[in-house]
Asks: 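Once you've had a glance at the structure underneath, I'll fire off some questions.
So that the names make sense, note that chain A is the first sequence line, chain B the second, and so on, each numbered from 1.
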Number of protein chains: 2
Amino acid sequence: MSGLTSRTLRHYDDIGLLCPVRTASNGYRWYGRRELLRLQRILFLRELGVPLGQIGRILDGDRDGVAALRRHRADLVAHRDRLEEIIATVDRTIADLTGQAHLSEEEFFTGLSARRDDLRRDIEARYGAGAGEHFASADAVTGRWTREEHEQAAAQGRRLLRRLSDARSSGTAPDSAAVLDLMTAHYQGVRLLWPADAAAYHALADLVTGNPDQRAMIEEIDPLLPPWLADAIRAYAVRRLGYVPARGGG
Amino acid sequence: MSGLTSRTLRHYDDIGLLCPVRTASNGYRWYGRRELLRLQRILFLRELGVPLGQIGRILDGDRDGVAALRRHRADLVAHRDRLEEIIATVDRTIADLTGQAHLSEEEFFTGLSARRDDLRRDIEARYGAGAGEHFASADAVTGRWTREEHEQAAAQGRRLLRRLSDARSSGTAPDSAAVLDLMTAHYQGVRLLWPADAAAYHALADLVTGNPDQRAMIEEIDPLLPPWLADAIRAYAVRRLGYVPARGGG
DNA sequence: CTGGACCTTCTCGTTACGTCAACTTCTAGC
DNA sequence: GCTAGAAGTTGACGTAACGAGAAGGTCCAG
């Protein structure tokens, strides 16, 4: 009925978590309605990752299961945070081993070198001369950054792209709620350097796949990311910024 | 030297992960420089959560440790994502058990009921009559939301506050990089309803502690959060939006 | 009577060691 | 040379939550 193996039920009997209402002379275990209800609660808590011993104490003592859940939640959060750190370290290690650290370290969102001029020319060619002027306002912001702040911004940008890559590779749609939440950070990252409104941000999607340097930088992190990211940018512009795309693909 | 117990070294010897360069007739294990180097690599990978068996294969085969790391990373990410889901479920359960679901469900960022008018009057009293007019633009946005979108926005807002609460309770400073990253989402959540510039967002910090309804709503999630969140808002306005506070506490 | 499905108990294996217990070896001090 | 203590050794058991398999008993349909 429950999908559990008999072995599991026997284990629960052994540790006293769920005992049969009676055990026949032939050794067969018989369970009643009450045991089924208890089992449901066990399965629910087990789903949440609560250890069996604690489940037993919660169900038996019944004294403040909420407090126990809160403690359990704190454990989960600590565990998740540790995983976040480890993932970041693994990322740095992989970047080190593949020797791609310096490239993205220096010029991510900010792009300080010659590539930046290329990007500006590309933007002006695509969206008109006025668009390129925003680079001045970006410089006004980044010009006051320290080296440390530059690197933090770059690291943050890479972390974001990796999380988006995680979402893509796990089959999440670029217009799903979870991805749009992540894209909030992306939009803000862009806006930090460039006062992009909904239309400008929507147009930026073309750069991600069309501009060779931008595309290469993103492909370094995930070769399949650029078109997916472009979709996510457009979805964010429409769904969260209220952009209304022109008909006919303008 | 390494801080490991002898038991651990013996275990590594047993499973063939790190064998002594020679074992004396009295049974003592002797390690050399090479073993120390190998141990360093073992400890590093162990720190990343790689299982010992896999560490052995990576170090011995030496064939494409990067690919192994990438696979390991995928496991970590999957694990983290599962934890995220579980944490969200635990949160919903706790909210259910404490019966606080409806309250925040209906009026989070959006505030649809009578409280909303109170908030508007409070804002106009604090920042002048013009400030309250932005409610109209917010209504233009939220007015087109479906019930489902309303609830999604509310859920997203609560999730954000919980993550901020996690950061606070783990002793993270409100102006740390990690928190400012989270605050990006907060700023966007506010901006979705209200075209707040750096100064307006900075001023919003007072509402979080000063407006009774806002404060109560946040305290429901974490009683200690409001002042900390106010600090985080101000830090974000200054550090990420370039707001320059007036001297003398204006 | 028989085959097959289903139940039982018992035991080992999984991870990465901690924690005894019982014993030997080395070293410093008298 | 004797001895106390520190440090090493080899087992063996315990951890969480069962899975897998062996060896055997029970039930039911044909």
Asks: Given side chains that start at C-beta, do those of R41(A) and L18(A) come closer than 4.5 Å, heavy atoms only?
Replies: no
Asks: Summarise protein proximity over nucleotides 8-24 of chain D in one line of letters, 5' to 3': B for base, S for sugar-phosphate only, - for none, counting protein heavy atoms closer than 4.0 Å.
Replies: SBB-B----BBBB----
Asks: By salt bridge (Lys or Arg N to Asp or Glu O under 4.0 Å), which residues pair with R82(B), not counting sequence neighbours?
Replies: none
Asks: Which residues satisfy the salt bridge (Lys or Arg N to Asp or Glu O under 4.0 Å) test with R7(B), sequence neighbours excluded?
Replies: none
Asks: Rounded to the nearest 0.5 Å, how far apart are CG of L43(B) and CG of L36(B)?
Replies: 10.0 Å
Asks: Between the protein and nucleotides 3-5 of chain D, are there any N/O to N/O pairs under 3.5 Å, and if so, what are the atom names and distances?
Replies:
none

Asks: Under the rule for ring pair (Phe, Tyr, Trp, His ring centres under 6.0 Å), what residues qualify as partners of Y201(B), not counting sequence neighbours?
Replies: H186(B), Y187(B), Y236(B)
Asks: Mind jotting down which residue pairs meet the salt bridge (Lys or Arg N to Asp or Glu O under 4.0 Å) criterion with at least one end in residues 163-179 of chain A? Sequence neighbours excluded, please.
Replies: E84(A)-R163(A), D166(A)-R73(B), D166(A)-R80(B), R168(A)-D222(A), D175(A)-R239(A)
Asks: Not counting sequence neighbours, which residues clear salt bridge (Lys or Arg N to Asp or Glu O under 4.0 Å) with R234(A)? List them please.
Replies: D206(A), D231(A)
Asks: Quick one: side chains of residues 9-16 of chain B, donor-acceptor pairs under 3.5 Å with protein atoms, not counting sequence neighbours, listed by atom name and distance.
Replies:
unit_1 : atom_1 : unit_2 : atom_2 : d
R10(B) : NH2    : S6(B)  : OG     : 3.1
Y12(B) : OH     : R46(B) : NH1    : 3.2
D13(B) : OD2    : R29(B) : NE     : 2.8

Asks: Is a donor on one side and an acceptor on the other found under 3.5 Å between the side chain of T89(A) and the backbone of E85(A)?
Replies: yes
Asks: When the distance from CG of L4(B) to P of dC17(C) is rounded to whole Å, what number comes out?
Replies: 8 Å
Asks: Give a yes or no answer on whether the side chain of H72(B) reaches the backbone of L48(B) with a donor-acceptor pair at less than 3.5 Å.
Replies: yes
Asks: Sequence neighbours excluded, which residues qualify as side-chain hydrogen bond (donor to acceptor under 3.5 Å, both in side chains) partners of T5(B)?
Replies: T8(B)
Asks: Please round to 10 degrees the angle between the axis of the first five pairs and the axis of the last five pairs in the helix from dC1(C)-dG30(D) to dC30(C)-dG1(D).
Replies: 30°
Asks: Could you list by number each residue of residues 70-78 of chain B showing a heavy-atom separation from DNA chain D of less than 4.0 Å, or answer none if no residue does?
Replies: none
Asks: Taking only residues two or more places apart in sequence or in another chain, which ones pass side-chain hydrogen bond (donor to acceptor under 3.5 Å, both in side chains) with T209(A)?
Replies: none
